[in-house]
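Everything below concerns the one structure shown next.
Counting from 1, the numbers follow the sequence of the chain as shown. Atoms considered below: every heavy atom in the structure, side chains included; atoms not considered: hydrogens, waters and symmetry mates.
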Amino acid sequence: MAFTSLKSRFAGPAVPSGMTRQAPLLGISLKLASTITFFVMATALKIAAETVPIGQLVFARNFFGLFPVLLMVALRGELGLAFKTRNPKGHLTRATVGLSAMVCSFTALYLLPLPDATAIGFATPLIVVVLAFFLLGEQVRIYRWSAVGVGFLGILVVLSPHLGEGQLDSTATLGALAGALGAGFAALAMITVRKLCETERTSTIVTWFAGASTVLSLLTLPLGYVLPGHSWVVPDLSTAGLLVLIGLAGGVGQILLTQSYRFADASTIAPFDYVNMLWAILVGWLVFSEIPVPEVVIGALIVIAAGVFVIYREHRLGLDRTKARRASSPSKS
């Protein structure tokens, strides 16, 4: 029933296909470039968060990130089509969920060392498996359930330094909880994108998300009247530069990530997402003098291993489905 209801919400015309081509090395290169770009954004965000509230950072990420997205869409000749949709509710749902994920993950980046926040974020693909089973009715076999269970154990290991003392009011604990909540919202956002992709163009999805998120993030502006610590500020020149960099890097990173999937299969590209842990350790050490504790490294390795196994199983199942289709198709010879 839940699947039928969700499917009806995203009903609409099909999207034309045939816009991809196989060039795995190019796809992997674009994916790696996107991880570097996103960590430029994360570094600028962590620095700016010392003086700028999270709501204003989220607005900057979406507002300035809108310009690279619109440029990409215009260069593809889809600027007019990008704003046309028969499913505005679906896009607003995706924007709300994605914005919630952004607020939580930005909070985690601010309150936690980079390696810790990054490792917690690795829970997202594992949560996607669970949500796909319950919300989309996708079949999940014992191998993937086992990998998900092991992955969540790894996340508990990562969280243990922050939750072990039971101080729920501590900064680190709040950061860890925000990171875990952000991973859940990010997984839910991926589910909504999966459904939108059945009826909407890529240019429509990214344009609506950037535009709607920019508008929705303005709702954090009045928070300053209730919570003085969240009042928006007038940035100085260097901070303004950081805000612009956050948005541009986020927008360019999203474009690079999107383009990478045009040149290689998801199962080929997805494992390279875990190179983020390398950037987190390097940037955390060089810029913020952060050295991850052993629990974070061990937990991250467990989660990465579980995630890679899930990706491997997806790849094998994809090959099996392809073979089955070929076997059931009439011969043309």
Side-chain angles (χ1 to χ4, degrees), residues 1-12 38 42 54-55 58 61-62 65 85 87-109 117-140 144-145 147-149 151-152 154-156 158-159 174-200 202 204-217 219-220 250 253-254 257-258 261 266 270 273 276 303 306-307 310-311 314:
M1 182 66 70
F3 172 64
T4 304
S5 175
L6 190 60
K7 187 174 182 180
S8 65
R9 283 184 63 191
F10 291 99
F38 279 131
I54 296 297
V58 171
R61 160 64 183 90
N62 289 291
T85 179
N87 190 11
K89 277 189 178 180
H91 289 289
L92 289 176
T93 300
R94 185 266 186 275
T96 302
V97 174
L99 198 65
S100 300
M102 202 176 290
V103 169
C104 291
S105 61
F106 283 14
T107 301
L109 279 171
T118 302
I120 295 171
F122 288 155
T124 295
L126 302 175
I127 301 174
V128 168
V129 174
V130 178
L131 292 180
F133 174 77
F134 286 107
L135 295 181
L136 302 183
E138 293 185 5
Q139 186 176 10
V140 180
R144 279 192 289 167
W145 279 126
V148 169
F152 283 137
I155 292 298
L156 289 177
V158 174
L159 293 174
L174 290 175
L177 292 176
L181 196 58
F185 277 122
L188 188 57
M190 288 184 180
I191 296 295
T192 62
V193 170
R194 279 192 189 185
K195 296 306 297 178
L196 282 172
C197 284
E198 294 179 3
T199 61
E200 304 288 297
T202 299
T204 303
I205 294 172
V206 297
T207 302
W208 268 78
F209 175 69
S213 296
T214 298
V215 175
L216 289 174
S217 60
L219 296 176
T220 65
Q254 193 64 49
L257 179 63
T258 302
Y261 285 97
D273 196 45
N276 281 314
V303 177
V310 168
I311 294 165
E314 290 284 355

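Taking each heavy atom of V303 and G151 in turn, the nearest pair found is CG2-O, 3.4 Å. In this structure, A186 and A101 approach most closely via the heavy-atom pair N-CB, 3.5 Å. L131 and I191 get closest at one heavy-atom pair: CB-CG1, 3.9 Å. In terms of heavy-atom proximity, A147 sits nearest to A306 at O-CB, 3.2 Å. Nearest heavy-atom pair, C104 versus A178, reported as atom, atom and distance to 0.1 Å: CB-O, 3.2 Å.
A 4.5 Å side-chain heavy-atom check between T220 and V58 finds every atom pair outside the cut-off. Between F209 and H91 the shortest side-chain heavy-atom distance does not fall below 4.5 Å. Under the 4.5 Å side-chain criterion, counting only non-hydrogen atoms from C-beta, V130 is in contact with F152. Side-chain contact between V310 and P125 is absent, with no heavy-atom pair separated by less than 4.5 Å. The shortest distance between side-chain heavy atoms of I127 and M190 does not fall below 4.5 Å.
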Could you go through E200 and W208, starting from their C-alpha distance and side-chain angles, then the distance that decides it, and tell me whether this counts as side chain to side chain contact (heavy atoms under 4.5 Å, CB included)? CA-CA 11 Å; E200 304 288 297; W208 268 78; over 6 Å; no
Could you give me the CA-CA distance, side-chain angles and deciding distance for R194 and E138, then say whether salt bridge (Lys or Arg N to Asp or Glu O under 4.0 Å) is met? CA-CA 12 Å; R194 279 192 189 185; E138 293 185 5; 2.8 Å; yes
Start with the C-alpha distance between L135 and L188, add both sets of side-chain angles, then the distance that settles side chain to side chain contact (heavy atoms under 4.5 Å, CB included), and finish with yes or no. CA-CA 10 Å; L135 295 181; L188 188 57; 3.8 Å; yes
Starting from the C-alpha separation in whole Å, work towards a yes-or-no answer on side chain to side chain contact (heavy atoms under 4.5 Å, CB included) for K195 and T192. CA-CA 5 Å; K195 296 306 297 178; T192 62; 5.9 Å; no
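Note: T124 OG1 to F185 CZ = 12.0 Å, rounded to the nearest 0.5 Å. Taking CG from N62 and CG from L99, the interatomic distance works out to 6.0 Å, rounded to the nearest 0.5 Å. Atoms CD1 and CG, from I120 and L177 in turn, are 8.5 Å apart once rounded to the nearest 0.5 Å. Put simply, CZ on F38 and CG on L257 are 5.5 Å apart, with the number rounded to the nearest 0.5 Å. How far CG of D273 is from CZ of F122: 6.5 Å, rounded to the nearest 0.5 Å.
Between the S105 side chain and the M102 main chain, a donor and an acceptor come within less than 3.5 Å of each other. The backbone N or O of Q139 sits less than 3.5 Å from a side-chain atom of R144, completing a donor-acceptor pair.
Both tests do not hold together for R61 against F106: distance to the six-membered ring centre under 6.0 Å, angle to the ring axis within 45°.
Evaluated for a side-chain contact (heavy atoms from CB on, under 4.5 Å) with N87, the options L196, T204, L92 yield exactly one hit, L196.
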